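This is the structure I have questions about; it appears just below.
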Amino acid sequence: MKIFYIDLDGTLLKKPDYNFTSTDVKALKKAQERGAKFGIASGRSHVEIDYLEREHGLTSNLTIGLNGMVVKKDQDLIISKLDQEVLDVLLKHNIEFEAQDGGNRVFSSQEEHDFIPKVLGTNMFVTRELEKFDIKKIVIRQLFNERPLDEIKGIIEGACSARYNYFCIDNKTIEIVRKDVSKGNAIKEHFSDSEVIAIGDSHNDREMILLADQGYIMRNALPELREELKGRGAIEIGDVFEAVEVEIADIKGVLFDLDGVIADTAKYHYLAWREVAKRYDIELCEGFNENLKGVSRRESLEKILGIKNIVLPEEEFKSVLKEKNELYINYLEELGEDSILPGIKEFLIDLKRSNKRVAVASASKNAPYILEKLELLKYIDYIADPGSIERGKPEPDIFLDAARGIGLKTDEVVGIEDSQAGVDALYRANMLSIGIGDLRNSLYNLESTGELLDKKTRRLIFKG
Ligand code: G6P
Ligand code: MG
């Protein structure tokens, strides 16, 4: 069983307003539906976590405090045996105390918190009431006591487990803190038989991330910590849902876009269109060209002419299309091994080796020709035919056809795209996507195809 262990502040709760995002919540609910568990590992108190759960309908199966104590498991509130041991000694010897929760909030009679009078009341009440809190420290103060601190310290040290540290803070205060306090230790202690996925952003999460079977570090973490953890196997993410989706996906095939993903041919489309556009006094720029990526030849020309509201008779329109393609094919003369984008060949080899299925879903009618020229056909199981598909990207049709072509369901594939239209098509097809470049709606974006060989993609596809 997989358990997602997630820190709250800065991780699941997004800065600056510390709110859940709906994509994160959705991904976690999906993970739970598929049998995974979700736990919160946070310094926040149990009361606050309960509130967050009620607000967002996302139930934590396990809640761990900053000190590593489990405070909630499914519906049961529990208190660590060891901490109960300390409380029992204190109560038995009539030593009054105050308690702090994981978020360092102090419950004390000084603050007139309604909790403390009960703590100082009957034994029964203490046991029941304290169950609700994640006790991090027990502080004994002379405020409540006239007994010498040394005597109190002796009693506790003699009676309690060796797993505590006793600090005389000043001549009025002793603090008792568990020696093994940390989120990481708790995970090791309680969930050794499960696969733990830990996600965090701060030094408090460091150990938990390192001890997990797979750790994730948020991009907003301090650079030093981020680099250290990445060097030790953690994966960097921008959002929690990325990690959750990567972990729960069961990917059996990959759908590739061609131009700008497999082959460095997007630039030739641009050069050819620039030449064509010039004849109509239209100066194409790279920004506008982004709108042409993933878009069919016909629709591209409509968009270009639309800049000047030009409408051509069908005959002329067709001959311009032909001309553009001739220019483009001329550029393709230059195609060679070097035109395969970084990492793609190795990635295709890995996919073949792992028996993953591979399809190409490109709007280009030149796709088979390019793939043959690059000697990549042997890695590809299916090429969608854009000529037989009515609606182009951003409609989902070509990706649905590609998945069908390799016999897989929408949740068994991931698409790789360099265009916004393509990522939107995958999104509408309900498929996961990896964006190349800065795109919206993708599971995550890579700066270049070379990063397809990095750990996150490997984990998503090969689970390694
Ligand atoms: C890809 C490219 C587009 C191109 C389209 C049609 O999707 O990203 O820029 O317009 O294919 O290509 P074709 O080779 O058929 O003209
Ligand atoms: Mg493309």
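In this text, all values refer to a predicted model and were calculated from it rather than measured experimentally. Counting starts at 1 for both ligands and their atoms, in listed order.
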Between D257 and K393, does any side-chain N to carboxylate O distance fall below 4.0 Å?
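Yes, D257 and K393 are salt-bridged.
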
In plain terms, say whether E283 and R274 are close enough for a salt bridge, that is, a side-chain N and a carboxylate O under 4.0 Å apart.
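A salt bridge links E283 with R274.
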
Examine the proximity of ligand 1 to L258 and report which part, side chain or backbone, both or neither, has a heavy atom under 4.0 Å away.
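Neither part.
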
Between the Mg ion (ligand 2) and D257, which N, O or S atom of the residue is the nearest one?
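Closest N, O or S atom of D257 to the Mg ion (ligand 2): OD2.
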
Charged N to carboxylate O below 4.0 Å: is that the case for K230 and E227?
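Salt bridge: yes.
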
Which one holds for D257 and ligand 1: side chain close, backbone close, both close, or neither close, with close meaning a heavy atom under 4.0 Å?
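Contact part for D257 vs ligand 1: neither.
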
4.5 Å side-chain heavy-atom contact, F288 and K303
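F288 vs K303: side chains touch.
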
Under a 4.0 angstrom heavy-atom cut-off, which atoms of ligand 1 come close to N366?
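Once the distances to N366 are compared, the set is 13 (P), 14 (O).
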
Taking atom 13 (P) of ligand 1 as the reference point, the nearest protein heavy atom with its distance
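Of the protein heavy atoms, S364 OG, 3.5 Å lies nearest.
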
Among the N, O or S atoms that D259 has, which is closest to the Mg ion (ligand 2)?
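Atom name of the closest N, O or S in D259: O.
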
Check each atom of ligand 1 against the heavy atoms of R297 and keep those under 4.0 Å away; list them by number with element.
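Answer, ordered by atom number: 6 (C), 13 (P), 15 (O), 16 (O).
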
Going by the order shown, which atoms of ligand 1 are within less than 4.0 Å of some heavy atom of G294?
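In order of number, 2 (C), 3 (C), 7 (O), 8 (O).
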
Should the heavy atoms of other residues, nucleotides or ligands under 6.0 Å from OH of Y270 be counted, would the total exceed 12?
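Correct, the count exceeds 12.
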
R357 and D381 ion-paired at < 4.0 Å
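A salt bridge is absent here (no side-chain N lies under 4.0 Å from a carboxylate O).
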
Less than 4.0 angstrom from a charged side-chain N to a carboxylate O is my criterion; do K29 and E33 meet it?
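Here K29 does not pair with E33 in a salt bridge, since their nearest N and O are not under 4.0 Å apart.
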
Find, among atoms of D418 that are N, O or S, the one nearest to the Mg ion (ligand 2), and state its name.
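Nearest N/O/S atom: OD1.
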
Let me check your reading of the structure: within less than 2.8 Å of the Mg ion (ligand 2), is there an N/O/S atom from E417?
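Under 2.8 Å: E417 has no N, O or S contact with the Mg ion (ligand 2).
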
Carboxylate-amine/guanidinium proximity below 4.0 Å for D239 and K14:
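A salt bridge is present here (some side-chain N lies under 4.0 Å from a carboxylate O).
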
N/O separation below 3.5 Å, K365 to ligand 1:
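Yes; the residue has a nitrogen or oxygen that sits under 3.5 Å from a nitrogen or oxygen of the ligand.
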
Taking all non-hydrogen atoms of both residues into account, name the closest pair between E242 and E236 and its distance.
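That would be OE1-O, 4.5 Å.
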
Distance under 4.0 Å to a non-hydrogen atom of S300: what atoms of ligand 1 satisfy this?
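Heavy-atom distances to S300 below 4.0 Å select 10 (O).
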
For atom 5 (C) of ligand 1, what's the nearest protein heavy-atom neighbour? Residue, atom name and distance, please.
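Of every protein heavy atom, V295 O, 3.2 Å lies nearest to atom 5 (C) of ligand 1.
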
Any heavy-atom pair between the side chains of I307 and Y280 that's under 4.5 Å?
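They are not in side-chain contact.
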
Record the part of H269 in heavy-atom contact with ligand 1 below 4.0 Å; permitted values are side chain, backbone, both and neither.
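Looking at H269 and ligand 1, just side chain atoms fall under 4.0 Å.
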
Identify the protein heavy atom lying closest to atom 2 (C) of ligand 1, giving its residue, its atom name and the separation to 0.1 Å.
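Here the nearest protein heavy atom works out to D259 OD2, 3.3 Å.
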
Which of the ligand 1 atoms, numbered from 1, are nearer than 4.0 Å to a heavy atom of L292:
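Every atom of ligand 1 under 4.0 Å from some heavy atom of L292: 3 (C), 9 (O).
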
